Amino acid sequence: MRSVAFIDLRSDTVTLPTEEMRKAMANAEVGDDVYGEDPTINRLESLAAEIMGKEAAMFVPSGTMGNQVSVMTHTRRGDEVIMEAESHVYYYEVGAMAALSGVQARPVPGVRGVMNPEDVKRAIREPNIHYPKTTLVVLENTHNRGGGKVLPLENVKTISEIAHSNGINVHMDGARIFNAQVASGIPAKEYAQYADSIMFCLSKGLSAPVGSMVAGSKDFIERARKNRKMLGGGMRQAGILAAAGIIALTKMVDRLQEDHDHAKLLGEKLHEMGYGVNPEDVETNMVVVDVTVVGKDVHAMEKELKDRGILANANSNKTLRLVTHYGITAEDITKTIDAFNDILRQ
């Protein structure tokens, strides 16, 4: 149950754990994870590795830490990392690649988060005393600032082949990889097979209260554990959190379709009203709405929605982002549609 009266569409990070998760957390078998002795963490890591088709996996407190541990493990100071110009690892992680790993970002503009493989190829540095060495490509699936865009599998495969043919590793920020799985019908491990490491969140749409996973080879995860410890991510009786993560992976993936259906309906109705949204762009649980096409100011729109009990975030000077998730009901979507219609008519 929501703890506040608002219909909160700001993000899927606001989801609350299920009652089953809360009970599992209360009764979790625990030990010291830094010693490798937490049985619930160990079960979660084995499950995550199996789902992603990788040799090993590691629990981390957050998706940002998972991405940054991965960058740190794949690179050396002074290297260059290629990523899409609007990607989370570049846009929302507080310059952590530079601050923590001492690496340089090489942003490549894409279309709704999808990079052209030829642009990636051109961005790879040739050997030259003046140049940094390109050692990593980061892909984000689904793409947050791309409006929940699912990366086409062939695009992932082609970029991976280009990277690997040049001796470059690939990391996938798969924070919402299960949204990609549900929307495309392609199992997460098929995307993950083209990445040397993948991070995915247990929170967000899967509703666990805390935590993300990093999966890769045994050697990679062994090295990543030391970097996790360096960043303060070595926790002790973390099985309390892992218990919710196991339920997230075993019971909460298929229900993401409900979130997608809600987002699709919301996008279609707002389009019919004249708001700037293409329903075909609503692939997963995000709806990006240009409110300026109906003469509305985005920040004023935020306030008007809040006055009607709906929370949404501006993600540009033109657009609002609405994110559906566990806890948002069909009735909530109807109320949101009515609110947008009411604001338009006033």
Side-chain angles (χ1 to χ4, degrees), residues 1-4 8-26 28 33 38 40-41 43-45 47-49 51-52 57-70 87-89 92-94 96 140-145 148 172-183 188 192 198-215 228 231-233 235 237-260 262-263 284-286 311 313 321-328:
M1 298 292 292
R2 286 199 300 267
S3 59
V4 295
D8 196 341
L9 298 172
R10 291 174 299 171
S11 177
D12 47 9
T13 60
V14 303
T15 52
L16 300 177
T18 66
E19 190 61 31
E20 184 178 5
M21 287 178 180
R22 292 175 185 272
K23 290 178 181 178
M25 293 168 70
D33 180 44
D38 190 301
T40 310
I41 283 281
R43 285 197 296 274
L44 173 62
E45 290 178 342
L47 176 63
I51 289 171
M52 291 299 159
M58 176 181 69
F59 180 81
V60 290
S62 71
T64 294
M65 182 178 283
N67 281 337
Q68 294 306 321
V69 164
S70 298
S87 61
H88 193 282
V89 72
Y92 289 123
E93 298 188 11
V94 206
E140 183 180 338
N141 193 20
T142 63
H143 198 285
N144 184 343
R145 288 186 62 81
M172 182 171 289
D173 174 355
R176 297 178 175 88
I177 191 65
F178 294 105
N179 290 95
Q181 172 178 298
V182 169
I198 182 169
M199 181 283 294
F200 62 91
C201 292
L202 301 166
S203 54
K204 300 187 171 70
L206 299 188
S207 306
V210 178
S212 293
M213 306 301 299
V214 176
R228 182 187 70 171
L231 297 182
M235 296 188 288
Q237 287 72 38
I240 291 172
L241 300 174
I246 291 170
I247 293 171
L249 289 177
T250 56
K251 299 191 176 182
M252 300 299 286
V253 172
D254 290 343
R255 65 144 304 279
L256 292 172
Q257 184 62 54
E258 179 182 341
D259 300 339
H260 297 181
H262 286 162
T284 54
N285 66 326
M286 296 185 187
L311 300 179
N313 277 343
R321 189 189 73 161
L322 310 172
V323 186
T324 58
H325 52 81
Y326 176 70
I328 295 296

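Being a predicted model, the structure only gives us computed values, none of them experimental.
- Contact between Pro209 and Ala244 at its shortest, heavy atoms only, is CD-CB, 3.6 Å.
- Between the CZ atom of Phe178 and the CE atom of Met252 there is a distance of 13.0 Å, given to the nearest 0.5 Å.
- Thr18 OG1 to Ile247 CD1: the interatomic distance, rounded to the nearest 0.5 Å, is 5.5 Å.
- Residues His143 and Asp173 are not in side-chain contact: their nearest non-hydrogen atoms beyond the backbone lie 4.5 Å or more apart.
- No donor-acceptor distance shorter than 3.5 angstrom exists from the side chain of Glu140 to the backbone of Ser87, with no hydrogens or angles considered.
- For the atom pair CZ (Phe200) and CE (Met172), the distance works out to 12.5 Å, reported to the nearest 0.5 Å.
- The shortest heavy-atom contact between Leu206 and Ala248 is O-CB, 3.5 Å.
- Using modelled atom types, no side-chain atom of Asn141 and backbone atom of Gly174 make a donor-acceptor pair closer than 3.5 Å.
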Inset, instruction - Verify side chain to side chain contact (heavy atoms under 4.5 Å, CB included) between Gln68 and Val89, making sure each step is shown before the conclusion. - result: CA-CA 8 Å; Gln68 294 306 321; Val89 72; 3.7 Å; yes

Inset, instruction - Please report the C-alpha distance between Thr324 and Glu258 in whole Å, then the side-chain angles of each, then the deciding distance to 0.1 Å, and finally whether the side chain to side chain contact (heavy atoms under 4.5 Å, CB included) criterion is met. - result: CA-CA 9 Å; Thr324 58; Glu258 179 182 341; over 6 Å; no

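- Counting heavy atoms from C-beta on, the side chains of Leu249 and Ile51 come closer than 4.5 Å.
- Of the possible polar contacts, one joining the Arg321 side chain to the Arg10 backbone as a donor-acceptor pair under 3.5 Å is found.
- A donor-acceptor pair under 3.5 Å is formed between the side chain of Thr15 and the backbone N or O of Lys204.
- With contacts defined as side-chain heavy-atom distances shorter than 4.5 Å, the pair His88/Thr64 qualifies.
- Rounding to the nearest 0.5 angstrom, the gap separating the CE atom in Met52 from the CE atom in Met199 is 10.5 Å.
- Here the closest heavy-atom approach between residue Ile240 and residue Ala28 is recorded as CA-CB, 4.0 Å.
- Smallest separation of non-hydrogen atoms from Ser212 and Ser62: OG-C, 3.5 Å.
- Side-chain atoms of Asn285 and Leu256, non-hydrogen and from C-beta on, never get closer than 4.5 Å to each other.
- Here CG of Asp33 is found 10.5 Å from CG of Leu241. Values are rounded to the nearest 0.5 Å.
- Checked by atom type, the side-chain pair His260/Asn179 shows a donor-acceptor distance below 3.5 Å.
- Residue Gly245 comes nearest to Leu44 through the heavy atom pair C-CD1, 3.8 Å, listed as atom of the first residue, atom of the second, then distance.
- The pair Arg176-Asp259 does not count as a salt bridge, with every side-chain nitrogen at least 4.0 angstrom from each carboxylate oxygen.
- In this structure, Ala48 and Met213 approach most closely via the heavy-atom pair CB-CE, 3.8 Å.
- At least one donor-acceptor pair under 3.5 Å links the side chain of Asp38 to the backbone N or O of Gly239.
- With hydrogens and angles ignored, the 3.5 Å screen pairs no side-chain donor or acceptor of Arg228 with any backbone N or O of Met65.
- Atom-to-atom distance recorded for Leu311:CG and Ser11:OG is 12.0 Å, nearest 0.5 angstrom.
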